[in-house]
A.B. asks: 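Just dropping this structure here.
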Amino acid sequence: MGELLVIRHGQASFGADNYDKLSDLGHRQSEAVGQLLRDTGWVPDRTITGTLTRQKETLASMGFEAGDTHPGLNEYDFQNLLDARYKGAVPELVKGDRKVHFRTLRETVFQWQADEIEGPAETWTNFTDRVEAARLIACAEGAERVLAVSSGGVIGQLTAASLGAPHKMMMTLNLQIKNTSITKFVFTKSAFFLHEFNATPHLMSAETADMLTYS
């Protein structure tokens, strides 16, 4: 069986003008998970990321060479969904308060999944289709160990789909996923199974425990 390790990007720049870049902590988290993989002898035959800066920066800080990119590994556009829900007038508290932001985002994604938001840039079906397309590319013949860097929503969807779970489970999982966590799948030509979810052994020591983040 092949192995697909999907790493969530390191901490991004929440609240900054440009969210799509790693914070200093995000770079350090990425270095730590890359070192863990090398220390355990897990070296990828193939690497793949989405096209987002924070995903590419994570792979680079992990110390592995860039390989393929696929937009199917990109996060859903949460800002667009919020704008569509609130008709361009997102409340200031949703923008600036983490707890309010993620609680509101959870409700918004559930509405998106139920096709209750008018005019989003991407439909829920389009999102799930592109995630599946990226999975097929990542797991194509020619590699036994595949390293992917993606985002929480994509990892939540890959996990929920592999388990045959209801759509809402994607967001329940999404909100649990830690920065630079490892989610491992095993695959064959005809099968795709979850093996490990949201693991952060590289952030469990006394020296790294304070590096644990979720956004």
Side-chain angles (χ1 to χ4, degrees), residues 1-13 18-22 26-27 29-78 121-162 170 173-174 177-200 202:
M1 282 191 169
E3 297 179 341
L4 170 65
L5 262 58
V6 188
I7 309 295
R8 188 189 176 196
H9 61 78
Q11 184 190 58
S13 300
N18 181 13
Y19 173 80
D20 188 24
K21 61 180 181 179
L22 293 189
H27 283 288
Q29 292 168 332
S30 303
E31 291 167 3
V33 71
Q35 189 61 55
L36 171 76
L37 295 184
R38 283 187 293 276
D39 287 347
T40 56
W42 200 95
V43 177
D45 304 316
R46 173 185 296 149
T47 63
I48 182 169
T49 72
T51 64
L52 300 178
T53 298
R54 60 189 183 272
Q55 298 168 347
K56 294 178 180 179
E57 288 182 342
T58 296
L59 182 64
S61 288
M62 289 176 68
F64 295 112
E65 292 186 7
D68 297 329
T69 61
H70 193 289
L73 294 175
N74 291 352
E75 186 63 286
Y76 56 88
D77 190 339
F78 58 85
E122 178 178 50
T123 66
W124 168 249
T125 298
N126 289 154
F127 171 73
T128 58
D129 284 350
R130 69 171 170 85
V131 171
E132 174 63 8
R135 183 190 72 81
L136 292 174
I137 292 294
C139 298
E141 287 188 63
E144 299 259 329
R145 289 180 167 181
V146 183
L147 175 64
V149 180
S150 188
S151 295
V154 173
I155 298 169
Q157 174 56 23
L158 286 169
T159 303
S162 74
M170 165 269 189
L173 296 169
N174 181 176
I177 298 173
K178 295 163 279 192
N179 291 118
T180 65
S181 66
I182 302 167
T183 297
K184 178 180 177 181
F185 301 93
V186 293
F187 63 89
T188 66
K189 288 182 180 179
S190 59
F192 186 74
F193 301 109
L194 177 68
H195 186 77
E196 186 174 19
F197 175 69
N198 200 27
T200 52
H202 54 294

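For clarity, every value in this text was computed on a predicted model and none was experimentally measured.
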A.B. asks: Going by atom types alone, do Thr180 and His9 pair a side-chain donor with an acceptor below 3.5 Å?
C.D. replies: no
A.B. asks: With sequence neighbours excluded, what pairs up with Arg46 under the salt bridge (Lys or Arg N to Asp or Glu O under 4.0 Å) test?
C.D. replies: none
A.B. asks: Supply the atom-to-atom distance Ile7 CD1 to Leu36 CG, rounded to the nearest 0.5 angstrom.
C.D. replies: 8.5 Å
A.B. asks: Could you pull out all donor-acceptor pairs under 3.5 Å where a side-chain atom in residues 63-74 meets a protein atom, sequence neighbours excluded?
C.D. replies:
{"from": "His70", "atom 1": "ND1", "to": "Gly72", "atom 2": "N", "distance (Å)": "2.8"}
{"from": "Asn74", "atom 1": "OD1", "to": "Thr51", "atom 2": "N", "distance (Å)": "2.7"}
{"from": "Asn74", "atom 1": "ND2", "to": "Thr51", "atom 2": "OG1", "distance (Å)": "2.8"}

A.B. asks: Might you point out which heavy atoms bring Met62 and Leu37 nearest each other, and give the distance in Å?
C.D. replies: CE-CD1, 3.8 Å
A.B. asks: Would you say the side-chain atoms of Asn126 and Tyr76 include a donor-acceptor pair closer than 3.5 Å?
C.D. replies: no
A.B. asks: Would you please name every residue forming a salt bridge (Lys or Arg N to Asp or Glu O under 4.0 Å) with Glu144, sequence neighbours left out?
C.D. replies: none
A.B. asks: Considering all heavy atoms of both residues, which atom of Asn198 and which atom of Lys178 are nearest to each other, and what is their separation?
C.D. replies: OD1-N, 2.9 Å
A.B. asks: Which pair of non-hydrogen atoms, one from Ala148 and one from Leu4, has the smallest distance, and what is that distance?
C.D. replies: CB-CD1, 4.1 Å
A.B. asks: Before accepting this row, confirm whether a basic side-chain N of the pair Lys21/Glu57 lies closer than 4.0 Å to the acidic partner's carboxylate O.
C.D. replies: no
A.B. asks: Drop me the distance from Trp42's CH2 to Leu5's CG, to the nearest 0.5 angstrom.
C.D. replies: 4.5 Å
A.B. asks: Please work out which of the three classes, parallel, tilted or perpendicular, describes the rings of Phe185 and Phe192, given edges at 30° and 60°.
C.D. replies: parallel
A.B. asks: Run the salt-bridge test on Arg54 and Asp20 with the 4.0 Å N-O cut-off and return the result as yes or no.
C.D. replies: yes
A.B. asks: Would Arg135 and Glu132 pass as an ion pair if we require N to O under 4.0 Å?
C.D. replies: yes
A.B. asks: What's the shortest heavy-atom distance between Gly10 and Thr58, and which atoms?
C.D. replies: N-OG1, 3.0 Å
